[in-house]
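What follows is a single structure, written as structure tokens, with notes after it.
None of these values were measured; they are calculated from a predicted model.
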Amino acid sequence: MDLAESKVRPVYQPNPTGVESHPTNLMMFHAAPLVMVKPHWHAQVEVNYIVSGSVHYRMHTHELSLKAGQMVLFWGGLPHFMDDLSDDAVYAGGHLPLMHFFRLRLPEDIPHRLMQGATLLTDATDASDPVNFARWNEYVRSGDPVKAQHAVNELLLRLERVRFDPYEVVGNARPLDQQQDSAELQSSRNVGRMCDFIAENFLNDIDSVDIAAAADLHPKYAMSIFKRSTGMTLNEYVSLLRLSYAQALLLREDANVLRVAMESGFGSLSAFNKSFRKIAGMSPSDFRRDARDMPVLSSDALAS
């Protein structure tokens with residue numbers, strides 16, 4: 001092998017069997033991470049635990065360097081990427097759908113601040129964390145729905161433990177004032193109910209009236225609390241789920257842009273192109289071409 005070729009670092013490329021194809025399921029990973037050549041996004045909250053080595057992230061509002069034993073939680077719907085890492089880096093974690101995230105009993109201001117672009121960072125981890133993350137990854141990938149649900153339950157409990165330990169919130173999101181706290185707690189419950197309905201129906205023709213009715217809320221009130229809690233409108237969140245799903249379809253060998261638009265829940269090709277370009281910064285056709293032309297390695301290949 002040529003010496004120059006041997007020093008080329010593999011980079012991250014989303015895989016059709018990975019996160020983007022299942023935007024409403026908990027997806028876990030335990031791997032040697034890959035450098036990302038550009039930002040990506042996905043419709044889940046992401047938890048990362050650094051097992052060994054160090055990594056560097058470029059987030060939407062800030063940069064972050066992490067070392068072994070640190071854990072972070074952030075909203076993946078804003079562009080982010082890992083642009084550097086040590087040769088011995090290993091990380092574990094998961095992509096948590098919003099319907100689970102809004103059930104977490106975290107400090108009341110945390111969901112609001114994460115959805116606005118901040119990152120929760122904690123050093124308060126212990127020897128059980130690398131063992132547990134490895135087991136959760138194994139359970140989720142086992143194909144056994146009982147094991148997968150057990151992994152979800154244990155991960156949620158682990159994240160809720162953050163409130164009892166030292167942590168910091170990094171980034172520019174504003175904290176809530178005290179008067180907002182109790183109202184935000186109830187709002188989070190309602191938003192969780194809306195996310196449940198959206199997760200089950202995002203590929204169908206649904207609108208804000210349908211979503212509000214599923215949570216027994218007035219449409220204007222439903223739209224208001226969802227926007228306040230997530231920073232997105234209901235339509236924007238539905239589009240984000242559909243676009244995450246569409247990314248996976250576009251990576252298939254037989255992908256046809258029009259067919260992907262229809263299968264992803266968009267009513268027309270023009271609506272699909274407009275939404276995709278707004279989030280990804282390129283057309284679906286360009287995304288498909290770039291993904292196929294780039295000499296890359298899948299992160300799944302390195303998962304343990």
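- With sequence neighbours excluded, the residues that form a side chain to side chain donor-acceptor pair (under 3.5 Å) with T119 are H62.
- Under the rule for a side chain to side chain donor-acceptor pair (under 3.5 Å), Y139 has no partner lying at least two apart in sequence or in another chain.
- In terms of the salt bridge (Lys or Arg N to Asp or Glu O under 4.0 Å) criterion, residue partners of D216 (sequence neighbours excluded) are, by chain and number, R193.
- The salt bridge (Lys or Arg N to Asp or Glu O under 4.0 Å) test applied to E154 returns R135, not counting sequence neighbours.
- Here the shortest heavy-atom pairing between A215 and N190 reads CB-O, 4.3 Å.
- Taking the six-membered ring where the residue is Trp, the centroids of Y57 and H80 are separated by 6.0 Å or more.
- No side-chain heavy atom of M59 sits less than 4.5 Å from a side-chain heavy atom of F81.
- R105 is linked by a salt bridge (Lys or Arg N to Asp or Glu O under 4.0 Å) to E160, counting only residues two or more places apart in sequence or in another chain.
- Each side-chain hydrogen bond (donor to acceptor under 3.5 Å, both in side chains) pair with one or both residues in residues 65-77, not counting sequence neighbours, appears once here: Q70-D123.
- Sequence neighbours left out, not one pair with a member in residues 201-212 passes salt bridge (charged side-chain N to carboxylate O under 4.0 Å, His left out).
- With 3.5 Å as the limit, one finds no donor-acceptor pair spanning the side chains of S142 and D144.
- A donor atom on one side chain and an acceptor atom on the other are found under 3.5 Å apart for S86 and D88.
- Within the structure, every pair that satisfies the salt bridge (charged side-chain N to carboxylate O under 4.0 Å, His left out) test and touches residues 41-61, not counting sequence neighbours, is listed here: R58-E63, R58-D83.
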List the atom pairs, donor and acceptor, that lie under 3.5 Å between side-chain atoms in residues 269-280 and the rest of the protein, sequence neighbours left out.
from: S270; atom 1: OG; to: S268; atom 2: OG; distance (Å): 3.2
from: N273; atom 1: ND2; to: L269; atom 2: O; distance (Å): 3.3
from: S275; atom 1: OG; to: A271; atom 2: O; distance (Å): 3.1

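- Every side chain to side chain donor-acceptor pair (under 3.5 Å) that S283 has, sequence neighbours left out, goes to D286.
- Centroid-to-centroid, the aromatic rings of F226 and Y237 come within less than 6.0 Å.
- Annotation: side chain to side chain donor-acceptor pair (under 3.5 Å) contacts of E200 (sequence neighbours excluded): none.
- Ring-centre distance between F29 and Y91: below the 6.0 Å cut-off.
- In this view, E168 satisfies the salt bridge (Lys or Arg N to Asp or Glu O under 4.0 Å) rule with no residue, not counting sequence neighbours.
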